[in-house]
A.B. asks: 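Mind looking over this structure? Questions follow.
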Amino acid sequence: MRFTILDFGLEDGEQNLEAMLSDKQPSNPKFNIQNPKLQVLGDAGRLQQVIWNLLSNAVKFTPPGGQIAIELSQVETDVQIQVRDTGKGINPEFLPYVFEHFRQEDGATTRKFGGLGLGLSIARQIVEMHGGTVSVESLGEGQGATFTVRLPLASQSVKMPAPEQLPESTLDLSGVSILVVDDEPDSREFVAFVLEQAGAIVTSVSSGIEALQAIEQSVPDLIVSDIGMPDLDGYMLMRQIRARLPASQVPAIALTAYAGEFDRALALKAGFQHHLAKPVEPAEIVTTLARWRGKMEANT
């Protein structure tokens with residue numbers, strides 16, 4: 001797919017960014033587009049997701065009166081996009097871990113900013129899938145941050161380097177319908193992204209109630225569910241599902257921060273077939289689901 005950087009909204013950046021801002025958010029977004037004709041080869045929707053992840057991150061951590069600057073330029077044979085803010089900044093000791101999934105600098109349960117820190121992890125995966133790089137610089141707390149994305153120009157694009165992979169058969173979920181249940185948006189989006197890259201058909205819901213409603217409409221091949229959710233937690237959800245659907249028909253995997261052996265036993269007792277503890281590597285999620293799918297096919 002031929003993709004022009006401006007196609008995903010930088011030419012209307014002030015209008016688009018305004019929709020993300022409230023009266024209490026940073027003001028004066030700046031846009032510096034040196035060459036509006038730069039093109040890369042890639043998935044426009046996914047690359048748009050990268051930019052909006054970086055923008056939303058900048059908005060989240062920049063206080064009222066702060067500034068966010070977006071710059072598009074050509075650096076050697078790459079397109080370079082920089083999102084620079086004057087916000088919270090990043091502790092230098094945390095910089096190496098910024099793009100790791102399920103990592104946030106403030107990991108307290110009472111932290112001011114929500115989310116599990118997955119947006120940047122997803123951004124890195126998408127950029128690397130396009131043969132590019134993403135990096136971050138910060139002088140420290142209170143001194144802002146600069147995120148830099150570099151992608152090869154269309155005229156310079158070569159076959160994208162494949163990441164280290166397990167055998168193809170262990171990563172293939174083509175055509176498999178999977179229901180993902182998680183009340184945390186970052187986690188839900190991350191798992192859905194990983195599974196879709198493996199070819200799965202993913203339905204994502206944010207609560208146990210929504211999961212039951214989705215199953216009424218269409219029974220999935222597999223279920224991936226969080227445990228700690230309001231109103232109807234993962235244990236209660238699975239007990240209700242098992243009253244209708246046996247494990248032999250729809251295997252379920254618990255993907256949860258409740259990581260102890262006692263938690264694993266509770267999950268299995270409730271009706272899950274497997275327990276994965278967060279944080280978990282994307283390949284482990286896919287291979288676990290592929291293995292259970294293979295067991296189902298072998299038994300039919």
Side-chain angles (χ1 to χ4, degrees), residues 5 8-10 13 16-17 20-21 25-26 28-34 38 40 42-43 46-63 65-108 111-153 160-161 163 185-187 189-190 193-194 279 281-282:
I5 294 292
F8 60 71
L10 284 179
N16 289 338
L17 188 58
M20 299 170 61
L21 305 177
Q25 293 293 353
N28 302 322
K30 305 294 184 182
F31 300 87
N32 180 11
I33 301 176
Q34 296 182 12
L38 300 177
V40 300
D43 184 323
R46 291 301 187 187
L47 291 174
Q48 176 178 329
Q49 183 181 8
V50 170
I51 302 306
W52 284 118
N53 275 345
L54 297 181
L55 282 173
S56 62
N57 190 73
V59 169
K60 181 189 296 184
F61 293 106
T62 302
Q67 289 190 340
I68 298 171
I70 306 164
E71 180 175 327
L72 169 66
S73 60
Q74 179 175 345
V75 178
E76 299 176 344
T77 58
D78 291 341
V79 170
Q80 177 173 285
I81 304 168
Q82 287 190 313
V83 178
R84 186 180 299 108
D85 66 67
T86 60
K88 181 176 180 288
I90 303 170
N91 187 317
E93 294 182 359
F94 187 73
L95 281 174
Y97 310 106
V98 166
F99 297 102
E100 291 189 6
H101 50 278
F102 299 107
R103 292 293 292 269
Q104 273 198 345
E105 184 176 359
D106 179 4
R111 61 176 180 257
K112 178 179 178 181
F113 301 104
L116 295 177
L118 293 173
L120 296 178
S121 174
I122 293 172
R124 181 187 66 178
Q125 290 188 52
I126 294 173
V127 170
E128 291 179 351
M129 287 167 56
H130 286 79
T133 62
V134 60
S135 59
V136 61
E137 297 175 328
S138 177
L139 295 177
E141 295 181 7
Q143 301 190 64
T146 299
F147 286 85
T148 301
V149 174
R150 291 184 64 165
L151 297 163
L153 282 164
M160 296 176 192
D186 279 353
S187 181
E189 180 183 359
F190 175 74
F193 170 76
V194 168
E281 290 300 318

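If you read the sequence from its start, that first residue is 1, and numbering goes on from there.
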A.B. asks: Near Glu137 CD, under 6.0 Å, is it more than 12 heavy atoms from other residues, nucleotides or ligands?
C.D. replies: no
A.B. asks: Compare every heavy atom of Pro152 with every heavy atom of Val40, then report the nearest pair and how far apart it is.
C.D. replies: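 Scanning both residues completely, I find the closest heavy atoms to be CG1-O, 3.3 Å.
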A.B. asks: If you round to the nearest 0.5 Å, how far is CZ of Arg84 from CD1 of Ile70?
C.D. replies: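 Between atom CD1 of Ile70 and atom CZ of Arg84 there are 11.0 Å.
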A.B. asks: Indicate yes or no: at least one non-hydrogen side-chain atom of Val134 is less than 4.5 angstrom from one of Phe99.
C.D. replies: yes
A.B. asks: Could you pull out the closest heavy-atom pair between Ala145 and Ile90, with the gap in Å?
C.D. replies: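 The pair with the smallest heavy-atom distance is CB-CD1, 4.1 Å.
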A.B. asks: Taking salt bridge (charged side-chain N to carboxylate O under 4.0 Å, His left out) as the cut-off, I'd like each qualifying pair that reaches into residues 89-98, sequence neighbours left out, listed once.
C.D. replies: none
A.B. asks: Which pair of non-hydrogen atoms, one from Gln74 and one from Leu153, has the smallest distance, and what is that distance?
C.D. replies: NE2-CD1, 3.4 Å
A.B. asks: Of all residues at least two apart in sequence or in a different chain, which pass the side chain to side chain contact (heavy atoms under 4.5 Å, CB included) check with Ser135?
C.D. replies: Thr148
A.B. asks: Decide yes or no for Glu141 and Phe94: does some side-chain heavy atom of the first lie under 4.5 Å from some side-chain heavy atom of the second?
C.D. replies: no
A.B. asks: Nearest 0.5 Å, what's the CD1-CG distance between Ile68 and Leu54?
C.D. replies: 11.0 Å
A.B. asks: Would you please name every residue forming a salt bridge (charged side-chain N to carboxylate O under 4.0 Å, His left out) with Arg150, sequence neighbours left out?
C.D. replies: Glu76, Asp78
A.B. asks: So, for Val83 and Ala58, which heavy atoms are closest and what is the spacing to 0.1 Å?
C.D. replies: CG1-CB, 4.1 Å
A.B. asks: Ignoring hydrogens, what is the shortest heavy-atom contact between Gln82 and Thr146? Give both atom names and the distance.
C.D. replies: NE2-CG2, 3.9 Å
A.B. asks: State, to 0.1 Å, how close Leu151 and His130 come at their nearest heavy-atom pair, and which atoms those are.
C.D. replies: CD2-CB, 3.9 Å
